[in-house]
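The structure appears right after this line, and notes come after that.
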Amino acid sequence: MPRYIAHLDMDAFYASVELLRYPDLRGQPVVIGGGRRHQPALLADGTRRYARLAEYAGRGVVTTATYEARALGVHSGMGLMKAAALAPQAILLPTDFDEYRRYSRLFKAAVAEIAPQIEDRGIDEIYMDLTDVPGAQDAVGGDPLGGVRAVARAIKENVRRATGLTCSIGVTPNKLLSKLCSDLDKPDGLTVLTEADIPARIWPLPARRINGIGPKANARLEALGIRTIGELAACERQWLVEHFGPSYGAWLHEAAHGRDDRPVVTHSEPKSMSRETTFERDLHPRADREQLGALFTRLCEQVAADLARKGYVGRTIGIKLRFDDFRTVTRDQSLPSPTDDARLIRHAAGQCLKRVTLDRRLRLLGVRVGGLRRKEEVARPGPPVAAEPSAPYTLPLF
DNA sequence: TCTGGGGTCCTAGGACCC
DNA sequence: TCTGGGGTCCTAGGACCC
């Protein structure tokens, strides 16, 4: 029996949620990003006044853009100042993560009514295992994929009914291919394919589209004359291993042939939690010492609050600094026992900070707690346990 | 016009233990 | 006096993803 793995990606998620609130913006280039300063203003006549990208000044980046804004060359991750140069008249809205999280829960619940085997991949996408969903294995009118296609359509319809939003779905035998396919027919798309379709549908795509080939690996591939997934598939495994190492090289070979046996993981525990902030202007370690210290303490308090709210403690405390030249350094330190105490975190983070040479202005400061455990599963620090009676004799190794 | 914030995983060297 | 080797933990950095 074939596996039917699906990947669902909400279409321009943040921007689409905003359009539900501000339907008058539908059809216009809209960009989401930056701080709260460009909140729409409600005018006396009941209409709203929106900020234009041209009015923005600061260090924010584009979080999402509507398809109309993308047509002007604006993409997520782009600096807002650069986006403003491309599309000065585009509407700028601040990000409202609470609202996006609310819609995220709504769409996931709608999916779960039909396909309960869900792997969370962030706020706007999920994998689903449709293999055991009733009807997924049925042929429809001689089409062996008719059953899964109908299931996927039902999921899309349920999401739309619950949220008013559209999504795109890819259904294939594995996660790697499904992720690729959910992107082939956006927005409001549905792409179903089997292994037999790989040469015609997958191999013409740029290698960069594979989840796991980022800007660095792609640049190295291009330098070797490899641009498409098909060109990658044509490479000998051994040759890829020689150029990219045993692990990544072998994976590149598998990926290019559309092979991936990772399961859909329906539950996972967090490994770390962090808070970081980029300053409006670069701060000097000495001249702005007080401000930095206050910021540092606040980050520690925020991570501590995040840990407590979610019921975790952690024992590896780390800091992250970014200098004005964009160089990033991290330092961490493991404590004897896990904590969610802001003062303990602040102290350990302070120790970490002492190990960094502060010879430049800073643009970012971050605090992270790793090595997480569920708080209720960690033994209370009780009275010291009596030492084991020392062994009378240690077995020699040889 | 310089590049957010929240994560995961991998690699690699050194300490330390058996 | 020098020689092995495996395992785990700790730390730093980097690639990648949403």
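Naming: A, B, ... by sequence-line order, numbering from 1 per chain.
- Using a 4.0 Å heavy-atom distance criterion, A:R327 is classed as making no nucleic acid contact.
- Under a 4.0 Å N-O distance rule, the pair A:D306/A:R309 qualifies as a salt bridge.
- At a non-hydrogen distance threshold of 4.0 Å, A:R121, A:D124 from residues 94-124 of chain A come into contact with DNA chain C.
- Using a 4.0 Å cut-off on heavy atoms, the residues of residues 206-216 of chain A that approach DNA chain C are A:R208, A:I210, A:N211, A:G212, A:I213, A:G214, A:P215, A:K216, listed by number.
- Between A:D9 and A:R121, no side-chain nitrogen of the basic residue sits less than 4.0 Å from a carboxylate oxygen of the acidic one, so the salt-bridge criterion is not met.
- Other residues sharing a hydrophobic cluster with A:V31 under the 4.5 Å side-chain heavy-atom criterion for ILVMFWY residues are A:L53, A:Y56, A:V62, A:V74, A:M78, A:L80, A:M81, A:L86, A:L92.
- A:A217 comes within 4.0 angstrom of sugar-phosphate atoms only, judged by non-hydrogen atoms across all strands, and of no base.
- Aromatic stacking of A:F326 on B:dT3: satisfied, with centres closer than 5.5 Å and planes within an angle under 30 degrees.
- When the P atom of B:dG4 is taken as reference, atom CE of A:M81 falls 13 Å away, rounded to whole Å.
- Distance noted for atom C1' between B:dC17 and C:dG4: 15 Å (whole Å).
- Judged by the 6.0 Å and 45° rule, A:R322 forms a cation-pi pair with A:F326.
- A salt bridge links A:K179 and A:E125; the closest N-O separation between the charged side-chain nitrogens and carboxylate oxygens is under 4.0 Å.
- The line from OG1 of A:T266 to CD of A:E119 is 8.5 Å long, rounded to the nearest 0.5 Å.
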Classify every nucleotide of nucleotides 6-17 of chain B by which part a protein heavy atom approaches to under 4.0 Å, writing B for the base, S for the sugar-phosphate alone and - for neither, in 5'-to-3' order. SSSS-S------
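- Atom pair A:L80:CG and B:dC2:P shows a separation of 12 Å (rounding to whole Å applied).
- Looking at residues two or more places apart in sequence or on another chain, you find no ring-ring contact (aromatic ring centres under 6.0 Å, His included) involving A:W203.
- Ion pair A:R368/A:E276 not flagged as a salt bridge, since none of the NZ, NE, NH1 or NH2 atoms sits closer than 4.0 Å to an Asp/Glu carboxylate oxygen.
- Within 4.0 Å of A:R355, counting heavy atoms only, lie sugar-phosphate atoms of the nucleic acid but no base atom.
- At least one test fails for A:R363 against the ring of A:F323: distance under 6.0 Å to the centre or angle within 45° of the axis.
- A:D324 has a carboxylate O that lies under 4.0 Å from a charged side-chain N of A:R360, or vice versa, which qualifies the two as a salt bridge.
- Proximity of A:R322 to the phosphate of B:dT3: no side-chain N or O atom is located under 4.0 Å from OP1 or OP2.
- When every heavy atom of A:R331 is checked against every heavy atom of A:R355, the shortest pair comes out as NE-O, 3.5 Å.
- For the pair A:D11 and A:K186, the salt-bridge criterion is met [side-chain N within less than 4.0 Å of a carboxylate O].
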Watson-Crick and G-U pairing of DNA chain C written in dot-bracket, each distance under 3.5 angstrom, with | for inter-strand partners: ....||||||||||||||
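- Dashed line: the shortest gap from a side-chain N or O of A:T278 to OP1 or OP2 of B:dT3 is not under 4.0 Å.
- A:E55 has a carboxylate O that lies under 4.0 Å from a charged side-chain N of A:R49, or vice versa, which qualifies the two as a salt bridge.
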